[in-house]
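These values consider heavy atoms only, across backbone and side chains, with no hydrogens, waters or symmetry-generated copies.
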Amino acid sequence: MPIFYDHIISLDTRHATKMSFCFNDQEAYGTISQFFDLAKCHYRHVQGSAGVSTGFTCYTTEYLVGDYFMSVVCKDVEAFVICRIKKLDQLSINILENVGDWKMLKRVINRICRSLEISLESRTYKLKVKQFSLSVFDIYQAVSAVNLLDREILQEVTLHLPFEDQVFTAYDFIPLIEGQRRQRLDLRIHLHEFSLEVLEEVRKVRIFNLIAETVHSFDEKTVKFLIDHADDPTEEMATLNLSDSKCPMNIFEIPSIMSSIASNLEFSQILSLRKVSRGIRQCVDYVKPDPFIHLYCISLRHSFYSVAINKTMNEEVVDWRKKSLEQEAIQIVNDFHLNTRHQKSCMDHLLIDVFQGIKYLKVEDDLVRAKFFRGMRDVLKSRASPLKVKELLFATNLQWLMMDIVPYLDAESLEEIFLMKMKNIDEECTINLDEISKTEQWIKAKRLRIEELTVRMSIQDMNILNFGWIRIIVETMSREDITYCRRNLPQSPVFQNFTIHIKNCSTENFLAALGAPYRVVDDIQYIWYFRIENTQYYLAVALEQGPLQIEGLSHFEKIHQDDTPFFKIS
């Protein structure tokens with residue numbers, strides 16, 4: 001029985017964006033995420049007098065399942081992949097670092113790879129995945145899984161080869177190349193060891209027009225890397241034995257060599273490299289490698305601050321410190337400058353939650369908050385080019401703070417703006433958007449989401465026609481606001497779906513602006529359809545009133561005529 005699958009029925013996993021299972025020979029963790037909804041579970045092997053069983057924990061609930069833990073994990077993987085998942089940004093099935101029995105781990109990997117292959121074969125259509133990461137014992141296991149994914153969607157494949165005796169050849173990847181068609185594939189191979197033979201195969205892989213990245217750890221005694229300008233293949237490897245105290249370190253201070261190394265490192269590895277020596281730090285700063293930060297989360301509180309970086313990808317760097325409030329604010333700004341100054345790629349998420357959980361702010365707190373945001377503004381303004389961010393999440397209801405950040409982000413990259421109330425505050429919070437709604441970033445964004453904050457301004461003044469998707473709360477919608485949406489949304493080339501929660505809802509305003517509804521359900525739900533001229537689409541409008549008929553939920557959606565409950569509206 002798929003226990004994790006059955007346990008999270010409240011989360012619509014058909015629209016999950018990320019699915020991750022990580023395991024070793026004794027335990028496993030499962031994670032399913034959908035935007036900011038997250039479900040996690042833990043499986044652990046239990047050996048008792050009655051035999052083998054599995055301890056399962058999800059949220060605060062614990063179970064004991066009478067089956068081997070990897071059997072339980074595989075059943076959940078199969079259930080999610082076959083029945084519920086439609087499209088994923090990221091699918092990751094990888095091992096944990098702490099392994100007890102490596103022989104047992106080989107059997108565990110073979111079993112979960114086989115379960116994944118069976119579940120992908122059982123689907124009626126191929127699973128759409130952008131980033132796929134898998135730990136394998138043999139390359140054919142990855143090739144089998146990848147060829148069962150939608151290759152038109154697949155952009156990145158990361159293979160983890162965790163065993164010392166694992167080898168591969170460039171020809172192992174020919175099936176990947178043959179199935180990839182015109183879509184470019186970013187292939188990353190994470191190795192246990194780094195050798196001349198490995199780099200020779202990497203060179204062959206590059207001939208096949210795949211991007212191959214070899215990742216090694218600076219914890220190993222020997223680091224080997226490629227020097228592009230050498231003529232003799234045996235001289236193309238420079239080797240530095242870090243265990244030899246007599247070996248000079250200045251080879252890492254050569255910019256061309258450092259550039260080659262740093263281009264294959266992730267953010268945490270670049271930070272570690274800068275700490276090796278002063279000369280290496282200066283060389284890294286001269287080369288200016290892109291840290292490829294995908295997520296940057298800032299949380300500032302009275303007692304401490306924390307910064308989480310790349311939390312959604314394969315690594316996570318968390319900085320947690322306890323200082324005075326002013327020291328915290330200054331430190332966060334300085335770290336933000338250091339961590340992002342060479343960021344050229346686009347971040348997926350930038351989250352800023354300042355004074356989280358503080359119910360009442362003192363005057364001096366307000367001054368520190370202003371100082372923090374001014375510092376962040378100065379860092380963003382000092383960049384040679386605006387910071388690229390796909391999604392911005394702000395936990396505040398103060399527009400003047402947002403204006404220190406939003407105008408200095410790259411307007412072409414920002415797709416979603418997410419505003420929410422600070423946590424643990426009971427009072428109703430309102431927000432004004434008269435300034436931020438005029439910025440280029442707002443006008444070019446595609447999605448707007450506002451939770452637990454009531455917008456106190458007219459829909460007509462919010463510049464909403466550029467958005468394709470909206471979830472917001474407003475104080476009220478006047479007859480003029482409703483008419484504005486009715487007339488202008490069908491003309492928008494990007495409009496898809498708007499959901500507007502109305503705190504003080506008037507059914508009369510909707511009836512006056514839209515006329516008699518097509519359908520009324522139980523005197524609390526009203527539905528209208530309006531044909532969009534010269535298209536096969538309709539504007540569907542629905543109003544749902546709350547139980548006290550004070551609040552209401554309005555939906556404006558563009559739907560195809562085949563999805564309407566009738567053949568034609570005259």
Side-chain angles (χ1 to χ4, degrees), residues 15-20 31-38 87-90 130-131 155-156 267 290-299 306-317 336 339-340 343-354 356 373 376-377 379-380 383 385-397 399 401-423 431 433 436-437 439-453 455 462-464 466-473 494 496-499:
H15 299 95
T17 56
K18 296 180 179 66
M19 183 173 83
S20 172
T31 303
I32 302 292
S33 61
Q34 176 184 337
F35 298 108
F36 290 93
D37 294 326
L38 186 68
K87 180 179 179 181
L88 291 170
D89 290 336
Q90 184 181 9
K130 290 183 180 180
Q131 297 176 333
Q155 299 175 5
E156 179 182 307
F267 171 74
D290 189 333
F292 293 101
I293 295 173
H294 297 274
L295 176 145
Y296 204 107
C297 179
I298 299 172
S299 180
S306 63
V307 176
I309 303 174
N310 274 17
K311 190 174 182 180
T312 59
M313 305 302 289
N314 295 328
E315 64 168 353
E316 178 179 0
V317 178
F336 183 76
N339 296 334
T340 66
Q343 175 88 8
K344 305 175 189 68
S345 55
C346 185
M347 283 187 196
D348 290 330
H349 311 282
L350 173 61
L351 290 72
I352 302 177
D353 188 358
V354 182
Q356 181 188 52
F373 278 94
M376 293 288 289
R377 178 197 62 195
V379 169
L380 292 171
R383 291 177 53 89
S385 60
L387 182 64
K388 297 179 180 179
V389 175
K390 187 177 295 184
E391 180 189 45
L392 173 66
L393 185 149
F394 240 124
T396 182
N397 64 317
Q399 181 181 213
L401 295 180
M402 288 183 270
M403 289 300 291
D404 278 334
I405 304 293
V406 175
Y408 306 104
L409 301 177
D410 184 71
E412 302 298 330
S413 303
L414 188 60
E415 296 182 3
E416 180 169 352
I417 298 173
F418 185 0
L419 308 178
M420 62 186 297
K421 183 175 69 172
M422 289 187 295
K423 297 177 182 178
I431 187 170
L433 302 171
I436 195 172
S437 61
T439 63
E440 182 183 9
Q441 289 74 12
W442 178 282
I443 293 172
K444 290 187 175 181
K446 299 177 179 63
R447 295 164 63 92
L448 173 64
R449 184 175 177 182
I450 302 178
E451 290 187 356
E452 298 183 302
L453 293 174
V455 179
M462 286 178 56
N463 274 337
I464 62 168
N466 56 284
F467 294 104
W469 184 95
I470 277 183
R471 299 290 185 271
I472 60 174
I473 305 171
V494 297
Q496 291 296 327
N497 186 297
F498 284 12
T499 297

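How far CD of E416 is from CD of E391: 4.0 Å, rounded to the nearest 0.5 Å. Remark: I417 CD1 to L409 CG distance equals 9.0 Å, nearest 0.5 Å. Rounded to the nearest 0.5 angstrom, L387 CG and K344 NZ are separated by 12.0 Å. Between F394 atom CZ and L350 atom CG the span is 8.0 Å, to the nearest 0.5 Å. We find the NZ-OG distance between K388 and S345 to be 8.5 Å, quoted to the nearest 0.5 Å. Atom NE2 in H294 sits 6.5 Å away from atom CG in D348 (nearest 0.5 Å).
Between K444 and E412 there is a salt bridge, since a side-chain N of the basic residue sits under 4.0 Å from a carboxylate O of the acidic one. Between R377 and D404 there is a salt bridge, with a side-chain nitrogen of the basic residue lying less than 4.0 Å from a carboxylate oxygen of the acidic one.
A distance-only check finds no donor-acceptor pair linking the side chain of D410 to the backbone of P386 [under 3.5 Å].
Within the 4.5 Å cutoff, no side-chain heavy atoms of N466 are placed close to those of I464. A 4.5 Å side-chain heavy-atom check between E451 and L419 finds every atom pair outside the cut-off. Using a 4.5 Å cut-off on side-chain heavy atoms (C-beta onward), V389 and H349 make no contact. Looking at heavy atoms from C-beta onward, I352 lies out of side-chain contact with Y296 at the 4.5 angstrom threshold. Using a 4.5 Å cut-off on side-chain heavy atoms (C-beta onward), L38 and S33 make contact. Taking the side chain as every heavy atom from C-beta outward, T17 and L88 never approach each other to under 4.5 Å. Contact check for L380 versus I405: side-chain heavy atoms found under the 4.5 Å cut-off. Counting heavy atoms from C-beta on, the side chains of W469 and R447 come closer than 4.5 Å.
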**OP:** Quick one: do V455 and I473 satisfy side chain to side chain contact (heavy atoms under 4.5 Å, CB included)? Show the steps, please.
**Re:** CA-CA 6 Å; V455 179; I473 305 171; 6.0 Å; no
Subject >> Test ring-ring contact (aromatic ring centres under 6.0 Å, His included) applied to F467 and F498, step by step >> reply: CA-CA 9 Å; F467 294 104; F498 284 12; 7.6 Å; no
**OP:** Output, in order, the C-alpha distance, side-chain angles, deciding distance and verdict of side chain to side chain contact (heavy atoms under 4.5 Å, CB included) for V494 and K446.
**Re:** CA-CA 8 Å; V494 297; K446 299 177 179 63; over 6 Å; no
**OP:** Walk me through it: do M19 and D89 pass the test side chain to side chain contact (heavy atoms under 4.5 Å, CB included)?
**Re:** CA-CA 9 Å; M19 183 173 83; D89 290 336; over 6 Å; no
Original post:
side chain to side chain contact (heavy atoms under 4.5 Å, CB included) between I298 and D353: does it pass, once the steps are laid out?
Top reply: CA-CA 6 Å; I298 299 172; D353 188 358; over 6 Å; no
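Taking E452 as the reference, K421 meet the side chain to side chain contact (heavy atoms under 4.5 Å, CB included) condition, with sequence neighbours excluded. Residues satisfying the salt bridge (charged side-chain N to carboxylate O under 4.0 Å, His left out) criterion with E415, sequence neighbours excluded, are absent altogether.
Nearest heavy atom pair, residue Q441 against residue L414, reads CB-CD2, 3.9 Å. Looking at every heavy atom in both residues, M462 comes nearest to W442 through O-NE1, 3.0 Å. Taking each heavy atom of Q343 and F292 in turn, the nearest pair found is OE1-N, 3.6 Å. Between Q399 and L433, the closest heavy-atom pair is OE1-C, 3.2 Å. Of all non-hydrogen atoms in N463 and S437, the two that sit nearest each other are ND2-O, 2.8 Å. Contact record, T396 with I431: O-CD1, 4.3 Å, taken as the closest heavy-atom pair.
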